[in-house]
Amino acid sequence: MPAPLLPTQEIAPDDDAPPYGFPGPERVYGYQGMQYHRELLRDRQRIEAYRRAIAQSLVPGDTVVDLGARIGILSLLACQAGAGHVYLIERSHPMVAVAKALAADNAYSQRITFLDKDMAEVQLPAPADMLISDWLNPWFGVGSPMFGLVLEARDRFLKPGGVMIPMAAELLLAPVEAPDLTQEIAFWDTALPGLNIGFGRELAANNCYIARLNPRGLLALEKRIGRWDFATARDEALQIEVDFVLERVGQLHGLCAWFEVQMSPGVLVSTSPRLKSTTWFQSYLPFDPPVSVTAGDRLAVALHIDRRRTFDSSVNVGTVIKWEGWLSARTGEQHYRHSTLRGYPTFGRLLKAEARASEDRTKPDG
């Protein structure tokens, strides 16, 4: 396992953060709504890390590419740090309209070329010195469908030895007790008295959730399970096997994943549940059903993350996460097997739902 990126600095607890659980309603609007951008700008750790990394790494006069720029905040930071020119790439026309207005208000319009088109249609006159992008997402950081686009932009637009921000990331994983979150799954057992909608529990137990996890719920010390240096990384499936020895009595509800992102050599942001919450939060993978555990119990985990097409080349399901657990406890053995392919009706699990409905229609009355 590679060495840690950098020691994580102490950050004071976030007293104003929401209760432990799922993020608030601001996240449901999508990046077309200004609520989304407000929340990003309110995340001082995230935006200040980008500001510091750009200021530290940019040489005045550098050419910069801002990929997936949304309303152009990183482009503004690059201009503020002395960029000679910025190529802002964002395929959403409404977002580019906002970016143009913000650039004009800051007298940066002449230093930014606005490219409201797909990246595949973009041609630059010369390689850039720096590639910046706010693309990491709560699904294990590199679970974003933009991962492949960032690497393609690196190969197409960045000069050899050019700077990437962020430059690297490392993934961490730990078993967790999360009673509030597991109720989201148990909800389906009694949601409608008199009706059996327990099939919803199967779907709910096979989702990857974005959540703020309580650090007191961690059942074992986290393990570092993967690292990406974005200057050389490839968009490949991640297959991890890791073992944990549980450290206390509790209930095993699932896995908590988070990441550390190296913005530049001197700027590191951690999304650890032990530190002040960021808008990246953490990822929660349920184990269903929960089971009682005690210190000394052992848990083996296999984790697979893949953004490629699944089943056949005509079916693209985006990021797929599969996770298995083998628990050796004093109370017995338990095997868990979960996959987001089984958790979303638009994925393969829909076939089972249709099969159930078809079977019910063929049953004789009475």
If you group Ile, Leu, Val, Met, Phe, Trp and Tyr by side-chain heavy-atom gaps below 4.5 Å, do [X] and [Y] land in one group?
X	Y	result
Trp326	Val301	no
Phe281	Leu41	yes
Ile210	Trp280	yes
Ile47	Met167	no

By ring pair (Phe, Tyr, Trp, His ring centres under 6.0 Å) - contacts of [X] (at least two apart):
X	answer
Tyr50	none
Tyr336	Phe287
His93	none

Please examine the side chains of [Y] and [X], heavy atoms only from C-beta on, and report whether any two atoms are closer than 4.5 Å.
X	Y	result
Val176	Leu181	no
Glu324	His335	yes
Cys256	Glu222	no
Trp135	Val142	yes

Quick one: pull up [atom1] in [X] and [atom2] in [Y] and give me the separation to the nearest 0.5 Å.
X	Y	atom1	atom2	value
Asp297	Leu219	CG	CG	10.0 Å
Leu303	Ile321	CG	CD1	7.0 Å
Ile240	Ile225	CD1	CD1	5.5 Å
Ser270	Gln262	OG	CD	11.5 Å
Trp323	Ser339	CH2	OG	6.5 Å
Leu213	Ser277	CG	OG	10.5 Å

Identify all side-chain donor-acceptor contacts of residues 61-68 below 3.5 Å with residues at least two apart in sequence or on another chain.
unit_1	atom_1	unit_2	atom_2	d
Asp62	OD2	Val59	N	3.0
Asp66	OD2	Ser75	N	3.2
Asp66	OD2	Ser75	OG	2.7

Heavy-atom closest contact ([X] atom, [Y] atom, distance):
X	Y	answer
Arg52	Gly266	NH2-O, 3.6 Å
Pro286	Tyr209	CG-CE1, 3.7 Å
Val267	Ala53	CG2-N, 4.0 Å
Ser264	Ser57	CB-OG, 3.6 Å
Asp134	Arg46	OD1-NH2, 2.9 Å
Ala178	Tyr284	CB-CE1, 4.1 Å

Does atom [atom1] of [X] have more than 12 heavy-atom neighbours from other groups under 6.0 Å away?
X	atom1	answer
Glu241	CD	no
Arg44	CZ	yes
Arg337	CZ	no

* Asked: Do we see a donor-acceptor contact under 3.5 Å between the side chains of Thr278 and Gln45?
  -> no
* Asked: Looking only at side chains, do Glu333 and Ser328 share a donor and an acceptor under 3.5 Å apart?
  -> yes
* How would you list all residue pairs meeting side-chain hydrogen bond (donor to acceptor under 3.5 Å, both in side chains) that involve residues 250-259, not counting sequence neighbours? -> Gln251-Ser292
* **Among Ile165, Ile54, Ile132, the one residue meeting side-chain contact (heavy atoms from CB on, under 4.5 Å) with Met263** =>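 Exactly one option meets the side-chain contact (heavy atoms from CB on, under 4.5 Å) with Met263, and it is Ile165.
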List for me each residue that meets side chain to side chain donor-acceptor pair (under 3.5 Å) alongside [X], sequence neighbours excluded, and say none if there are none.
X	result
Gln282	none
Asn106	none
Gln334	none
Gln183	none

* To do: Kindly assign one of parallel, tilted or perpendicular to the pair Trp228 and Phe147, based on the angle between their ring planes and the thresholds 30° and 60°.
  => perpendicular
Donor-acceptor contact present, side-chain [X] to main-chain [Y], <3.5 Å:
X	Y	result
Asp306	Ala237	no
Glu247	Ala220	no
Asp43	Thr279	yes

* Test salt bridge (charged side-chain N to carboxylate O under 4.0 Å, His left out) applied to Arg298 and Asp243, step by step -> CA-CA 7 Å; Arg298 295 182 175 273; Asp243 296 321; over 6 Å; no
* Which ILVMFWY residues are connected to Phe187, directly or by a chain of links, through side-chain heavy atoms under 4.5 Å apart? -> Trp188, Leu192, Leu195, Ile197
Donor-acceptor contacts under 3.5 Å from residues 151-160 side chains, at least two apart:
unit_1	atom_1	unit_2	atom_2	d
Arg154	NH1	Phe230	O	2.8
Arg154	NH1	Ala231	O	3.4
Arg154	NH1	Ala233	O	2.9
Arg154	NH2	Ala233	O	3.2
Asp155	OD2	Arg234	NH1	3.2
Arg156	NH1	Met119	O	3.0
Arg156	NH2	Val122	O	2.4
Lys159	NZ	Asp129	OD1	2.7

* **Step-by-step side-chain contact (heavy atoms from CB on, under 4.5 Å) determination, Leu173 to Lys223** => CA-CA 5 Å; Leu173 189 74; Lys223 298 287 185 71; 5.6 Å; no
* **salt bridge (charged side-chain N to carboxylate O under 4.0 Å, His left out) between Glu121 and Arg91, worked out** => CA-CA 10 Å; Glu121 303 173 10; Arg91 66 181 181 179; over 6 Å; no
Could you list the donor-acceptor pairs under 3.5 angstrom formed between side-chain atoms of residues 76-86 and any protein atom two or more places apart in sequence or on another chain?
unit_1	atom_1	unit_2	atom_2	d
Gln80	OE1	Arg51	NH1	2.7
His85	ND1	Arg111	O	3.3
His85	NE2	Thr113	N	3.4
His85	NE2	Thr113	OG1	2.6

